[in-house]
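For reference, the structure discussed in these notes is given below.
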Amino acid sequence: MNLDKNLSTLKYTPDKESHLKPCQEDCRTCTKRPCVNACPAGVYEWLEDEQRLLVKYENCLECGACRIICEKQSLEWEYPKGTKGVMFKRG
Amino acid sequence: MSKRENKTDVIIVGAGPAGIAAAITVARAGFEAIVIERGTFAGSKNVFGGAVYTESVKEIFPDFETSAPLERKNIEHKFTILGEDDSTVISYRKSHETPVSYTVMRGKFDRWMAEEAKKEGVILVEETVVRELIVENEKVIGVKTELEDYYANIVILADGVNSLLAKQIGLREDIKPKDVAVSVKEVIKLDKQKINDRFLINDDEGCIYELFGGSMLGKLGLGFIYTNKDSVSIGLGITLDELDGTGLKPYELLEKIKQHPTIAPLIKDGEVIEYSAHLIPEGGYKKMPTLSGAGVMVTGDAAMLVNNMHWEGTNLAMVSGKIAGETAVVALNKEDFSENSLSRYQEKLEGTFVIKDLHTYRNLMDVMHDKKEVFMDVYFKKINAFFEMFTSVNGVPKRQLYRKFIFGFIKERGFCGLLSDAWAVFKLVWSILIK
């Protein structure tokens, strides 16, 4: 499956600012970074060179898996603003 | 209490099945109900596998079959155990006079429910996120949105599985990865005739596949296929703690299921027209939050009301919403919004199938977590291996085949293992049927 192609089936209205705010300091010492693996939209990517968690919040499906699986329980997670985020026509 | 502007009788957070059921129940009794929905329209943020249950929808909308946007009435269940490259299917088919369930698209169905509710006086506020509950003297008195504050005598939480609001006021602890499954789904466009031919159904009939094993052998996860009018929904749910490592990602597991030789022909040449993901509450009875407090009640997914053994959720949501609505009406008539007054919601819900069923299966997930490597792997493979042996024609005498199969099984699991499995099943069945 091509995840990008799948995500392109959806209508997004991205906000300018991310509604997902990981604590980068915690991310650096996180052992498994389970958010990377669990996210069904591939929102998270660990950038080894920059020692930083990249958050492609524009692709978020708003499921909440990352918040629950965050090892350090330090991911600030909220729903996007009312007019923003993903729209499922079918669901 | 001082009179406030922006004050209503009941605020409902979330326009899903639970929220709409609650709101319409309040409105029908002549009180004002405001539903606050974060999506652009009701249903636009909602995702599920595929089916709503006739009996519970009728409790709110007795004539829904004549006007609701339904896809197909389900007449067949195919319980499918997928091995690495083989499968065993047990299927049950019956076209009931009153269908048990219908497949729907939530983007259409929830929207329809919300429109029906509006006709009956419910006020729907869309594109608005409730950020927190307003609490005064340990009583919930309203909600804070991005734009303004709204006040109400009662707030009903139908804000879905993540329910940050129930957590905010301490009705529940944070969800643990083992108590929730992440689900991914694809809606695949297929010609109506192809669906009918491949699933052996007529135009308005639907077929449900419940998928065990496959890419999730040994893991606590299940797949599904639902048929819509001219599309097929295929997806899976996997307990979040299974993804707590370096294994496959949820959409990779789905891709593998789609490629399984039993599944691939069903969706061949189809085009993915929507991808989605959602969390499924799986904690069951033991992980239910406190269902009410002063000025507040929790319903549907927010209250963990999902029966994962029977793939039921929307029906539990609607019944819980309805009972929360009824409880609100009694409280409004008495003008008593205390914790004690609203605790009637839980008492009434305990008298219904909703909590009775969750209680019946209260030990299920514990056993499955303990035994998943065995029950979701060894036994699934053995079922397929049995039928492979049974259907083989290879010149080997049958007694020899049976003995090889049985001794192989005993050797693989060991006597102690088999006894321990049998004991676990016995205890589980006892807790389901007896006590």
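Chain naming here is simple, since letters A, B, ... match the order of the sequence lines and numbering starts at 1 in each.
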- prompt: Do B:K45 and A:E62 meet the salt-bridge criterion of a basic N to acidic O distance under 4.0 Å?
  reply: yes

From OG1 (A:T83) to CZ (B:R38), nearest 0.5 Å: 12.0 Å

Main-chain N/O of A:K89 paired to B:E274 side chain as donor or acceptor, under 3.5 Å: yes

Separation of B:K178 NZ from A:I69 CD1 (nearest 0.5 Å): 14.0 Å

query: Near A:K21 NZ, under 6.0 Å, is it more than 12 heavy atoms from other residues, nucleotides or ligands?
result: yes

query: For the atom pair CG (B:N228) and CZ (A:R90), what is the distance rounded to the nearest 0.5 Å?
result: 9.5 Å

task: Hey, could you give me the CZ/CD1 distance between A:R67 and B:I175, rounded to the nearest 0.5 Å?
output: 6.0 Å

message: Tell me whether B:E173 at atom CD has more than 12 heavy atoms from other residues, nucleotides or ligands lying less than 6.0 Å away.
response: no

Heavy-atom neighbours of A:E17 CD exceed 12 at 6.0 Å: no

- request: Check the surroundings of atom NZ in A:K11: do more than 12 heavy atoms from other residues, nucleotides or ligands lie under 6.0 Å from it?
  value: no

query: How about A:L7 and B:Y275: do any of their side-chain heavy atoms sit closer than 4.5 Å?
result: yes

- request: Below 4.5 Å from any heavy atom of chain B, which atoms of A:K84 appear? Answer side chain, backbone, both or neither.
  value: backbone

query: CZ of B:F41 to CZ of A:F88: how many Å apart, nearest 0.5 Å?
result: 11.0 Å

statement: Applying a strict 4.5 Å limit to non-hydrogen atoms, the region of B:L164 in contact with chain A is side chain

query: Does some side-chain heavy atom of A:P40 sit less than 4.5 Å from a side-chain heavy atom of B:H278?
result: no

task: Give a yes or no on whether A:Q51 atom CD has more than 12 heavy-atom contacts from other residues, nucleotides or ligands under 6.0 Å away.
output: yes

message: Between B:V129, B:V47, B:V182, B:N162, who has the most heavy-atom pairs with chain A when the cutoff is under 4.5 Å?
response: B:N162

query: Quick one: does B:R131's side chain have a donor or acceptor within less than 3.5 Å of a partner on A:Y79's backbone?
result: yes

field: Heavy-atom contact with chain A under 4.5 Å, split by part of B:K176
entry: backbone

query: If you count heavy-atom pairs under 4.5 Å with chain A, which of B:V161, B:I273, B:V104 comes out on top?
result: B:I273

- prompt: Is it the backbone or the side chain of B:T128 that comes under 4.5 Å from a heavy atom of chain A, or both, or neither?
  reply: backbone

- prompt: Is a side-chain donor or acceptor of A:N6 paired with a backbone partner of B:V272 at a separation under 3.5 angstrom?
  reply: no

Rounded distance (nearest 0.5 Å) linking atom NZ of A:K81 with atom OG1 of B:T145: 13.0 Å

query: Which of the residues B:A277, B:S233, B:G39, B:S44 is involved in the greatest number of heavy-atom pairs with chain A at under 4.5 angstrom?
result: B:S44

Any side-chain heavy-atom pair of A:I68 and B:L240 under 4.5 Å: yes

- prompt: Non-hydrogen atoms of chain B under 4.5 Å away: do they reach the side chain of A:C39, the backbone, both or neither?
  reply: backbone

query: Considering residues, nucleotides and ligands other than A:K56, do more than 12 of their heavy atoms fall under 6.0 Å from its NZ?
result: yes

